[in-house]
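The structure appears right after this line, and notes come after that.
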Amino acid sequence: MMESQKYAIVDLETTGHSPANGDRMIQIAIVIMKDWEIERTYTKFIHPGKAIPSFIQDLTHITDDDVKDALPFEAHADYIYELIADCIFVAHNTDFDLSFLQAEFKRAGLPKWQGKSMDTVELAKILYPMSLSFKLGDLAADLNIELKNAHRADDDARATAELFKNCWKELLNLPQLTLEQMHKRSFRLKSNLSQLFFEALQIKRQHVTTNENVTYHRNFAIGDGRKNHTNNPDLAPYPQTAADKEALMAKSMKNFEQRPAQFAMMDAIWQALNKKEECVIEASTGIGKTVGYLLPAILYARAHNKKIAISTYTAHLQEQLVDDELPKVEKILGTKVNIAVLKGMHHYIDLSRFEQCIAYGEESYDETFTILQLLVWLTKTETGVLSELNVSGGGQLFLDKIRKMPDEKPARGFDFYEQALKQSETADCIVTNHSMLLSDLVRQTPIFTQIDGWIIDEAHQFIQAAMQQDETVLSYTQWKYVFGQIGTMEESALFQQFSQAAKKKHRVPMKNLQRLDEQFMRLQRIFDETIHHVVQKMQQYFKGKQTVGSKRTLFLEELQLAKEPFIRVSKLLQQWVDLAEEAGRSFENDIEQLDKNEKFILSEWHYWIREIKLKITDWEEIFLSPQEDNSVWLEIDRRSVPGSLHIFKKPINVTPVIEKVLAPLRSQASIVWTSGTMTVPGNEHFITRQLGIHDNINVLQLQAPSAYYAGAKAFIVTDMPDIQQVTQAEYIEAVALAITRTVRMTEGRCFVLFTAQDMLRKTVELIQDSELLDDYMLFAQGVTGGSRMRILKSFQKFSNAVLFGTNSFWEGVDVPGDALASVIVVRLPFSSPEEPVFKARAKHLTEQGRNSFNELSLPEAIMRFKQGFGRLIRSSQDKGAFIVLDRRITTKSYGKEFIKALPPIDVKKLQLPELLKELSNWQK
């Protein structure tokens, strides 16, 4: 029995990742666990025989001093080898710890350690599939495991042991059916977890439990923790006076401070809902915006027995609203509130499709792994929304296969999307997102007809959402991936499986299969020829032209391509679809006789036909539709041709799209638009006009009290060179110097905003070459690997970190509290004149005889500038310096518009040495 199995939970700290390149251990810790209790621990500092790199000292807090009296690994090797001899080796990333230890054993003249290993990263990813991160520190925080000093082997090993034990308990909590499905697949995993799954399954079978909170859905179990809405009692009437509001809120909030701006917001929304009006509210950080709209919305919904819908921009903001803000309101009202979260259909899992996928045997490692995560997730999820899962890139492709699609047959049995729709029927408030609201326009049966009032939060982002809703993207590698999935008779892909199954029982005539195969090969050949022709034309266009970097961007119209080749590809695609659908019909004529393998092949066949149909629409949208109101451009990286080719189509002006969606809403419901950024100095209607809001609707501007910004100061550096008067290299040198000095003075925790990726990269490289910030962690967008969220998370982990980003990084990025001490604006955030959407919009304005600088360029830059400042102060306790290095803010007439956009804070203009002195005094 495995309870008496011994585990050695191991963690190493090292000078780097490669023993072959001379990296050595500096600390080892081993926790021996038996019967899920810690028997003993062993920990030692190890002398690496070389200096410890400074970034490793920073990461581990282990210094050369700590190891100066320690012995080298050879002195401990025999003892360690014996200690783990009869154990299963466990580590948080066994690939690293075990291979490093094996190399050290070899160096010490010992044979290779033989035994089984289990990786807690692999295990935790399966058992906690909704965790945002699988780093040890993050998992420990999620599971309340004590980890005082992350990256110290002793603390890490103990935390890994606790995590391992938690995982075991988690396994025992899973339904027997889930464990059976998991055990069946576990032999394909990278570490020996099958033994653990088998042991849990044995225990489960011996202690049959009848009170499992699950529903069985043929091959898997679904948790029964789904929310049932109850009818709640009537609520008190809306608090009309400031005193009433204060009394209501003070009851449930300790040390409640009255915020007049929040009360004004509540009244404005209450009035708009009651009078069926449209209103616009700019609510700065610090006034309690979300509670400010949730309270009147819920009280109105209950008082009138009507529904209010709240739309926000991202899934992250939706979650924040439901998980963090809603409980505050429930506490104030002293009752639960019926809220339903509604997303587009494709966000939800299609259970029948998932069932087909797991009934069929052939899976890659990524697919197996994702199926294991899904089996566990289905026992926990209340929503069935796939974005709750944290899966790998290959896992994402599998999730795309099991999403609900609009043309699917009605679901058999339980369905999460149907559940969400049902919940929204009985809810007081529906929380949705901008793209769902925008796509309701094209839905056959609109969902949002019963709504009495709309609150559109992050309203300035509605423009961006409308643009994304209306965009088409063609990616060469994506097309090749789809073709590769279908394949020919000769290739081991879907068509080969389809034709073999079809031939076996003469389901489809052989000549039809051959025609289909020939058509597919012709289609691929002509598609490749057409794309190569496009790329060739691009390369000719740029021949002899001066260009920076390897990226090339070009408007489609500039290539002057003939339509014929594109019409030909479109026809070939359609002909293939017709033949494939006919073959599919012949195949399923005999549906009763299909075995589960054939049913799976058929469902895959329908899935990829649908994908090709979507591709035809994209192709015709880009190459064959009239483009009066759209800009279409191509992007390629000359280092990877044609693989990097992307073609984008976006609307130049989204106002008509937005007006079309909102016309029916405007006639039947009130609409409240709110955001921290709804106006731009000197152009108050810049955002509202794009949203189709009439100019006679005033924007209510609500600012937090000036005390909220007491910790903020703005500095404008006046002795930076004028970029027009010096070379780019000289300018970058001056910028790098200003950044390094400022960072050293504020001790890191700094955001640096650029407007161009090229200048960002060159500045970061110069700073790295100068070694002036070698004791700081530098994270740079487009230079450091990983997504925006991953870079941000890494930045937050280190106190002495600097984050370099371009414009896109400054939208909706939250860095709470002490994590941010300063924001440096290298250049005022004007869009690059070559950025395709901007270029097309500016050209469109110029053709109408309008001033594109005043009407587009300037207001957009001021809006970003405002948002950049918004990153700095997120609460009244925050303290931070907002530093502008672009001297145009003082030399150009438009500069004062930027300064006006800041809240009422102290703005000082000074030279760099004076700035450093100010920062030094301020730090003290």
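A 4.5 Å side-chain heavy-atom check between Thr335 and Glu330 finds every atom pair outside the cut-off. At a threshold of 4.5 Å between non-hydrogen side-chain atoms, the residues Asp69 and Phe45 do not count as touching. Two residues are said to be in side-chain contact when any heavy atoms from C-beta on lie closer than 4.5 Å; Leu83 and Ile30 meet this criterion.
Interatomic distance, CZ of Phe398 versus CG of Leu374, reported as 6.5 Å (0.5 Å rounding). Here Leu399 contributes atom CG and Gln373 contributes atom CD; the two are 8.5 Å apart, rounded to the nearest 0.5 Å. The structure places CD1 of Ile145 at 4.5 Å from CG of Asn166, a figure rounded to the nearest 0.5 Å. Considering OG1 of Thr370 and CG of Leu389, their distance stands at 8.5 Å, rounded to 0.5 Å.
Every pair passing side chain to side chain donor-acceptor pair (under 3.5 Å) that includes a residue from residues 88-105 is listed here, sequence neighbours excluded: His92-Thr120, Glu104-Arg107.
Salt bridge Glu363/Arg185: present, at least one basic N to carboxylate O contact under 4.0 Å. Using a cutoff of 4.0 Å between basic side-chain nitrogens and carboxylate oxygens, Lys404 and Asp415 are scored as salt-bridged. The pair Lys380-Glu170 meets the salt-bridge criterion, since a charged nitrogen lies less than 4.0 angstrom from a carboxylate oxygen. With salt bridges taken as basic N to acidic carboxylate O contacts below 4.0 Å, none links Arg152 and Glu13.
Summarising the local packing, NZ of Lys50 is surrounded by more than 12 heavy atoms from other residues, nucleotides or ligands at distances under 6.0 Å. Residue Lys116 places its NZ atom among 12 or fewer non-hydrogen atoms of other residues, nucleotides or ligands, all under 6.0 Å distant. Counting heavy-atom neighbours within 6.0 Å of Glu74 CD, excluding the residue itself, gives a total above 12.
Here Tyr7 and Phe89 keep their ring centres 6.0 angstrom or further from each other. Ring pair Tyr42/Tyr79: centre-to-centre distance below 6.0 Å.
Using modelled atom types, no side-chain atom of Thr381 and backbone atom of Leu378 make a donor-acceptor pair closer than 3.5 Å. A donor-acceptor pair under 3.5 Å is absent between the side-chain atoms of Asp155 and the main chain of Leu147, judged by distance alone. In terms of modelled atom types and a separation under 3.5 Å, the side chain of Tyr348 and the main chain of Lys343 share a donor-acceptor contact.
With sequence neighbours left out, the salt bridge (Lys or Arg N to Asp or Glu O under 4.0 Å) criterion links Lys328 to Glu325.
Between Trp168 and Trp36, the ring-plane angle classifies as parallel under the 30° and 60° cut-offs.
In summary, the side chains of Gln318 and Thr312 do not present any donor paired with an acceptor at a separation below 3.5 Å, with no hydrogens or angles considered. Judged by distance alone, the side chains of Glu199 and Gln195 never bring a donor and an acceptor atom under 3.5 Å apart.
Closest approach of Ala157 to Ile9, counting heavy atoms only: O-CG2, 3.5 Å.
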